[in-house]
Amino acid sequence: MSFTQIIINSIVRASELALLSLGLTIVYDILGFANFAHTEFAVVGVYLALFLNVSLGLGIVPAAIIASVLTGIIAIFIDRGVFKKMRSSGGIIVMVTSLGVAIALRNTVRAIWGASARNYSVALEKPIITPYFRITPLQIWIIVIGLAAMFLFHLLLHYTKLGKAMRAVSDDPELAQASGIATESIITYVWFIAIGFASVGGILIGMETYILPYMGFAIIVPVFCATIMGGIGNPYGAMLGALVLGFAENFGLYINFGQVLGIEKIFHISKGLFIPTGYKPAISFVILILVLLVRPRGILGKKKAG
Amino acid sequence: MGIINFLVYLAIMMAIYGILSLSLNLQYGFTGLANFGQVGFFCLGAYTSTTIVLVFKLPFILGLLGGMLASTLFGYIIAIPTADLKEDYWAIVTLAAAEIIRIFFLNESWVVGGGPYVGGAFGVGGIPQPLRSLFSAYTYPFFYLGIALLCLLVAYLVINSVTRSPFGRVIKSIREGDNLAQAMGKDIRKFRIKVMALGGAFGGLAGCLWAHYHGFISPEQFLPLETFLVWAMVIVGGKGNNKGAILGAVIIMAFYNSTRFLKDYIPIEEVTLASLRMVVIGVLIVAAMLFMKEGLIKEKKTIY
């Protein structure tokens, strides 16, 4: 695979991860817990889009939009029914509860749609082939949507009342409430935005590969890793973390560690020392451990008050 | 399958998961360490013991000890980089670590000294059962149940005495927040590492028992689903109470295994049934966290 091709693949992966990490990090920031159901919500969106697209025959774009909106609303309902009753509980209690929500969501999806791999009904488009790389129109869309989502989120955070209120709640929830910010309604918006973005990310992954009830679990480690790397609660950090991870996952398999470490001559490794493809999921885990060892607050981590 | 056979099978599963549940209870219920990768210990214990007994042709008891040792070391190693961190990081690191263990056994296979093929996606079969030749096919499960119950008893006695000791008081204070334990001059890091090592030992023991009972293991059996079952056991049974952890294992295992027969009575597909079963497990965890925070058997509040 050519060097430029790996870069393209990395950017596509980073865009998908960014859409998911962004939501995880703002929920953590505003609600104060690590939401283990985050990627499972994305899977709910993926399957709702499948239903709209395949069973009802809608185009993929309206299907994706309606599914993501619906998933955001489902998240608000689950927050009202479950998480709202635990606002005063510690982060660990809510985190364990979110694990229960995750199991219930994933298996509801599996009970309704079955365990086998599915696909959206989308016409296959010819990839654009250049001497240096090939890219499908879908991959271009993934990058565009990822960038647009980040830009929209930046605008939201800095140029809207809601964004200012979100930042205020993030800095100091009590002060924000005392200043007359309706924390609960901010939380409702946060869930909607976070899970809506996650759903879009999930649908894009589903379009690029295939759809499985298990896909939420398959991406939970990279998504958490990107979030932690960027500093939990920092949306820009999450984007940066997604970028680093996208590159690490794709370049990791093509680096000859024998050459990099200079041990090729010593051990007479003629074929080079590469990470076997089966271990690709392990890359994000190793990075996670390294980040936690070196910079537990993440690259752009901020100091929380108290 | 006769009803007696099924009940013995169920009791063995309850004993094995009881050990897993006790181990998680020590980590989460007493120390507040949210281990979302309990299945990693289970898997490592099963594979280590299998390798020792099947490949190196050593006796069952050495396999058992080897499996426990491997999981202890794993718990220890996993705890080192994470011991200083907040508990939320703990959850994702352990979850990922358990997946790495599974990916390792999915990708690797080995043959030692001309022994049988061990590992890979196909799993390992023909794992010898201890003292199998002394019993008939009908009486053997009863004997194995004895072994499993003995192990459960040992796990209970050890973990119970640990949680009642001064060590147990320190880990409970760590659970309630680092400040008190720190003010008492305790090295929180060391306590967390020790808890993970001890929890690993018993998680590994459960894995050994599982492997030698079924005679076949594969990476498919060690999916995160197992971790979630054990979590439901601890939360429903009562965190911070060892009897509660065992009760939780009994209830969840009884529910999990008896619903299998539902498909004989109502027309439902295997996948759908398995999924609905896990939906109930998930909802149980959420409901217990909402309405029954202490679980069925509450933690004893002791005034020192």
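Annotation: residues 86-100 of chain A contacts chain B through A:Met86, A:Ser89, A:Ile92, A:Ile93, A:Met95, A:Val96, A:Thr97, A:Leu99, A:Gly100 [non-hydrogen atoms, separation under 4.5 Å].
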**Study point:** Derivation and outcome, side chain to side chain contact (heavy atoms under 4.5 Å, CB included), residues A:Tyr214 and B:Leu223
**Key:** CA-CA 11 Å; A:Tyr214 199 66; B:Leu223 294 172; 3.9 Å; yes
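If you measure heavy-atom distances from B:Ala97 to chain A, the contacts under 4.5 Å come from both the backbone and the side chain. Residue B:Arg175: no heavy atom, backbone or side chain, is found under 4.5 Å from chain A. No part of B:Leu284 comes within reach of chain A, as not one of its non-hydrogen atoms sits under 4.5 angstrom from that chain. Within the 4.5 angstrom heavy-atom criterion, no atom of B:Glu269 approaches chain A. Within the 4.5 angstrom heavy-atom criterion, no atom of B:Ala287 approaches chain A. For B:Leu273, no part sits under 4.5 Å from any heavy atom of chain A, backbone or side chain. Neither the backbone nor the side chain of B:Trp90 comes within contact range of chain A, judged by heavy atoms closer than 4.5 Å. Of the two parts of B:Phe36, only the side chain, counted from C-beta on, holds a non-hydrogen atom closer than 4.5 Å to a non-hydrogen atom of chain A.
Screening A:Phe285, A:Phe224, A:Phe36 against B:Leu95 for a side-chain contact (heavy atoms from CB on, under 4.5 Å) leaves a single residue, A:Phe36.
Nearest approach of B:Val271 to A:Arg110, heavy atoms of both residues: O-NH2, 4.1 Å. Looking at every heavy atom in both residues, B:Ile92 comes nearest to A:Ile220 through CD1-O, 4.4 Å. Nearest approach of A:Ala111 to B:Thr272, heavy atoms of both residues: O-CG2, 3.7 Å.
Taking a 6.0 Å sphere around OH of A:Tyr279, one finds it holds more than 12 heavy atoms contributed by other residues, nucleotides or ligands.
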